[in-house]
Amino acid sequence: MAVDIRISTARNYAKPDHSESIANLVTPGDVITSDQGFMRGHGTFMEEGKHHASVAGIVQRVNKLICVTPIKTRYNGEVGDIIVGRILEVGMKRWKVDTHSKLDSLLMLSSVNLPGGELRRRSEEDEKLMRHYLKEGDLISAEVQSVFSDGSLSLHTRSLKYGKLGQGCLYQVSPSLIKRRKTHFHNLPCGATVILGNNGYVWLSPTEGEVSEQTGGYEQHMEVGGRHYAALNTYELACNICLSFNKKIIPVSRADREVIARLGNCVLALAEHKMM
C-alpha cells in the first residue's frame, strides 16, 4: 500500500516583538544599564562599570536608585503592609506570627485592641488571658507597624478591620503578585469577602453583617448551649463560657461554600499564570 508523504516547505513565520513589553524583565547576569548616574540597589551588582542583575525579576527605578524585585521570593515587609498570618506561639506579652517571611513576626500585647474596645494599659490579667484572645493556629489580619534591623516585622491590630479571622479558606500565592493598593479588603457582590495580604496569603470568607464597634476585633458567632452569643473573649466569657460550655461554630451554607471554592479556583488559576 502506497503512502503519500508530503513535507511542507520551510516557512518564515514573523515572530511577534515583545521586547518593549518585557524590557524590565531580566535574568541573572543581564546588563541593566551602563549609566554611572544610578545607585546600586537590591538584586544588582556592579561589574566593569555596568549594573548587572543578580536575580531573575523585574527592574524598578526610583529616582536614581535601581533594583531588581525577584519573581519568586520570601515576603519582605514594609511599614503599612496588610498581611494575613497564623499564630505560631504565645509568649510573654507577645505572639509569634507566621507571615511567609524569612523570620517570624511579632504581635505585641500592647499592639492589639482589648475586647470591648477598652483603652487602658495592659495588666497582668491581660497577659494571663492572652491564649483566650489568640492561640496557636489562629489566623489574623494585621498591619505592619515597623521593621526591625534583622528584617523581622512588628505587627498591630489596632483597627477594627483587623483581628482574628473566622471561617473561610486560606490560599497562598507568590508575594510578588500582590500589589500594594489603597485597600486590600474587598466585599464581592457574590457574597464573599477577600483579603489580599501583601505577604502572599489570600483569605476568602463569607460576607458577614456589620460588626459592632465594640468587638475589638475578636467577635466570633458561636452557638453555646443552644443559645447564640457574640464571643468577645472578655473575662466573663473566658471564665464562664469558654471553659464550661461546648461551643459549636455556626455552619456555613452550601451556597457560600460553593462561592468560596470557585473564587479559590480563580485565585489559583491566576497565580499559575502569574496574574493577580
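- Note on R180 versus E78: salt bridge recorded, some NZ/NE/NH1/NH2 to OD/OE distance being below 4.0 Å.
- V259 and A192 make their closest contact through CG1-CB, 4.0 Å (heavy atoms, listed as atom of the first residue, atom of the second, distance).
- Between V112 and L107, some side-chain heavy-atom pair lies under the 4.5 Å cut-off.
- Between F45 and H52, the ring planes are parallel. Angles under 30° get that label, and only those over 60° would be called perpendicular.
- P206 approaches D256 most closely through the heavy-atom pair CB-OD2, 4.1 Å.
- A donor-acceptor pair under 3.5 Å links the side-chain atoms of N199 to the main chain of V84, judged by distance alone.
- When all heavy atoms of W95 and L134 are compared, the closest pair comes out as NE1-O, 3.0 Å.
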Side chain to side chain donor-acceptor pair (under 3.5 Å) assessment of S152 paired with D150:
CA-CA 6 Å; S152 59; D150 59 355; 2.8 Å; yes
Ring pair (Phe, Tyr, Trp, His ring centres under 6.0 Å) assessment of H100 paired with Y75:
CA-CA 6 Å; H100 194 226; Y75 169 61; 8.0 Å; no
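- Taking all atoms of both residues into account, the shortest heavy-atom contact from I260 to Y171 is O-OH, 4.1 Å.
- In this structure, L170 and L139 have side chains that are in contact, with non-hydrogen atoms separated by less than 4.5 Å.
- For E47, the CD atom is densely surrounded, since the number of other residues' heavy atoms within 6.0 Å is greater than 12.
- Using a 4.5 Å heavy-atom cutoff, the side chains of T157 and Q145 are not in contact.
- A donor-acceptor pair under 3.5 Å is formed between the side chain of R122 and the backbone N or O of L109.
- Counting only distance, with no hydrogens or angles, the side chain of D126 and the backbone of S123 share a donor-acceptor pair below 3.5 Å.
- Taking each heavy atom of I71 and G57 in turn, the nearest pair found is CG1-CA, 3.8 Å.
- Under the 3.5 Å distance criterion, the side-chain polar atoms of S176 are left unmatched by any main-chain donor or acceptor of K72.
- Using a cutoff of 4.0 Å between basic side-chain nitrogens and carboxylate oxygens, R86 and D98 are not scored as salt-bridged.
- With contacts defined as side-chain heavy-atom distances shorter than 4.5 Å, the pair S101/R74 does not qualify.
- Within the 3.5 Å criterion, the main-chain N or O of P70 finds no donor-acceptor partner in the side chain of T73.
- Taking each heavy atom of A271 and V173 in turn, the nearest pair found is CB-CG1, 3.5 Å.
- Between R158 and E143 there is no salt bridge, since no side-chain nitrogen of the basic residue lies less than 4.0 Å from a carboxylate oxygen of the acidic one.
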Can you list the steps and then say if S205 with T193 is a side chain to side chain donor-acceptor pair (under 3.5 Å)?
CA-CA 5 Å; S205 63; T193 299; 4.6 Å; no
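- Between the side chain of H184 and the backbone N or O of L196 there is at least one donor-acceptor pair closer than 3.5 Å.
- Between the CG atom in D35 and the OG1 atom in T33 there is a gap of 5.0 Å [rounded to 0.5 Å].
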